[in-house]
**Student:** 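The structure is given below, and queries will be raised subsequently.
Numbering of ligands and ligand atoms starts at 1, following listing order.
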Amino acid sequence: MKLTRRDFGMGAAALGLTLMAERASARMGKPKDVDVIVLGAGVSGLNAAWLLEEQGLKVLLLEGRQRVGGRVFTLQDQPGYPEMGFNSMGEGYGRGIDAAMRAGVELENLVPRFRGGPQQELYLDGRRITREQWSTSPLNPFPDQLKGSMPWEVTGKMVSQHNRLPDGGLWNDPSNAKLDISLYSFLKTQGLSDAAINLVSLSPYYGTSAYDVSALMLEFNDGFVKGQIAAGPRMLAVKGGNINLPNGMAKLLKGDILFGKDVVAIDNLTDKAEVRCADGSVYSAPRVICSLPLPTLRNIAIRPGLSGPQARAVAELKYQPLSIAFLTVTEPFWEDDEASPAMWTDDRLGVVMPQRFGADPNEITGLTVQARGHLAQYWDRLGKEDALALVVQRLEALRPAAKGKVKGAYLHSWTAERFNMGAFSYFGPGQIAAFSATMSEPVGRLHFCGEHTAVGARGLEGALESSERVAIEILSL
Ligand SMILES: Cc1cc2nc3c(=O)[nH]c(=O)nc-3n(C[C@H](O)[C@H](O)[C@H](O)COP(=O)(O)OP(=O)(O)OC[C@H]3O[C@@H](n4cnc5c(N)ncnc54)[C@H](O)[C@@H]3O)c2cc1C
């Protein structure tokens, strides 16, 4: 029986997976211990474990941190429960919505919280430029048709309007390899000057500059975003903090989740796979699923070693530098200087985003400040304490009314997190063609999942998609 991703979305029960599980279990030899070890208790690892347990397999989860969720991470001790990782899902997140239902958490629509309040404003060279002023500003480097667009809108707009992919589902098909060029080349073809490209790349969603990100990946991403918009207008997040989702998913599991298990080696043997942790413990099972982000996998000895495009992917796939500061506010300084609290700057401050997560959606519960790309790398070089002090100092410099009214409460660097070493994966130009199609294939007894291995969806939905694919892979043995 051959299963496609679409079949799986129809529901496991309808597909007779139980039968497949019995066959798989028999072929693996009955476990002395467990059938499958899952490395990493982010949403992809948790969901893979749940899917396999549902089909009767015994699963053990090994997690390096002292918590589940990985890149789903809520600051539960700060006002408004700010999110340092996963923010929200679109209405087309069928898997995400299903996981939330299973986990028994309530989803709420964030749109009313973000619709209110003043729009994001631009700060260049220390000066505030409103949307009205921008189209005629001497600092505006955009061609005439884009003069009215703010810098943070341009890349998305250009990719959306000039998307070259006739079928987003075929984004990594070899026939599209010629499209795997840099965002820089793509934007150049659309008539943007170097000054314009540099400006739109100051706070890039993906990459550190327009040179190191694949336009083809952005076009695939654009198709996914359009699908979400078509599915409905709501943006859904978990009430009380997104971390409740992985916490709820973990409670559904029958097998153990062992915390503080920093995996350092995986031995792919003929009759089993062995996993070694930094504390000296060793676990073995007929199959191992690795959901670890590739920058962390780079530091793990896989024996025998990976080869070909797969080895290249582990060594080279890029991960987004991204840091987030959370500031508490004692007085609404934006009422004093009558400018928006939402700021997109070319300053070392980064991008300031007011949070509205109180009982009243108009109340600002704090500010998150994001550094992406090179700015995130600069913050990392400073270290957390100095970077947080810098954020407050630069905010006060650009907004004197904020003086003494903001406090740096927390700084989270996804690059500095040793169990991630980057926020999310992205392909550089040429990398899709070089290794995307084969990078997640099983190697001996070792299987792979995680957001970086998704081929249909993106973000959290992609992580869940990958867990379905890997569960099918094992159940089909
Ligand atoms: C800032 C940010 C914002 C985001 N916003 C959104 C959004 O709005 N919408 C969306 O859909 N997606 C969003 N995402 C992406 C989404 O959060 C991820 O795609 C998803 O959570 C990834 O899950 P995963 O299981 O693949 O990886 P992870 O969550 O990273 O799980 C991997 C696990 O492996 C563990 N691990 C790593 N190394 C080791 C080791 N050596 N030994 C043992 N364990 C180890 C980690 O601790 C972790 O728990 C965002 C991500 C970030 C960082």
**Student:** Does the side chain of S413 pick up a donor-acceptor pair with the side chain of K384 at under 3.5 Å?
**Tutor:** no
**Student:** Is ligand 1 under 4.0 Å from a heavy atom in the side chain of P293, in the backbone, in both, or in neither?
**Tutor:** side chain
**Student:** Does an N or O from V72, backbone or side chain, lie closer than 3.5 Å to an N or O of ligand 1?
**Tutor:** no
**Student:** Quick one: does NZ or CZ of R164 land under 6.0 Å from the six-membered ring centre of F186, within 45 degrees of the ring axis?
**Tutor:** no
**Student:** Give a yes/no on ligand 1: does R418 have at least one heavy atom closer than 4.0 angstrom to it?
**Tutor:** no
**Student:** Tell me, which protein residue and heavy-atom name are nearest atom 42 (N) of ligand 1, and how many Å apart are they?
**Tutor:** V263 N, 2.9 Å
**Student:** Are any of the N or O atoms of N420 closer than 3.5 Å to those of ligand 1?
**Tutor:** yes
**Student:** Nearest non-hydrogen atom to atom 50 (C) of ligand 1 belongs to which of W414, F259, F86?
**Tutor:** F86
**Student:** Short list, please: which atoms of ligand 1 are under 4.0 Å from a heavy atom of N87?
**Tutor:** 5 (N), 6 (C), 7 (C), 8 (O)
**Student:** Determine, considering heavy atoms only, which of S88, G459, G260 sits nearest to atom 7 (C) of ligand 1.
**Tutor:** S88
**Student:** Measuring from the heavy atoms of F73, does anything fall under 4.0 Å of ligand 1?
**Tutor:** no
**Student:** Tell me whether ligand 1 is touched by M89 - counting only heavy atoms on the residue side and a distance under 4.0 Å.
**Tutor:** no
**Student:** Would L39 count as a contact of ligand 1 if the rule is a heavy atom under 4.0 Å away?
**Tutor:** no
**Student:** Output yes when the distance from some N or O of ligand 1 to some N or O of A463 is under 3.5 Å, and no in every other case.
**Tutor:** no
**Student:** One residue to check: V68. Relative to ligand 1, which of side chain, backbone, both or neither has a non-hydrogen atom less than 4.0 Å away?
**Tutor:** neither
**Student:** From the options E451, E63, Q228, select the one whose nearest heavy atom is closest to atom 35 (C) of ligand 1.
**Tutor:** E63
**Student:** Within the structure, does R71 bring an N/O atom to less than 3.5 angstrom of an N/O atom in ligand 1?
**Tutor:** yes
**Student:** Hey, mind stepping through F86 and F424 against ring pair (Phe, Tyr, Trp, His ring centres under 6.0 Å) and telling me if it holds?
**Tutor:** CA-CA 10 Å; F86 165 75; F424 26 74; over 10 Å; no
**Student:** Decide whether the shortest distance between a heavy atom of G69 and an atom of ligand 1 is less than 4.0 Å.
**Tutor:** yes
**Student:** Select the closest option to atom 18 (C) of ligand 1 among V38, L297, L460, judged by heavy-atom distance.
**Tutor:** L460
**Student:** Checking contacts here: is it the side chain or the backbone of N299 that comes within 4.0 Å of ligand 1, counting heavy atoms only? Could be both or neither.
**Tutor:** neither
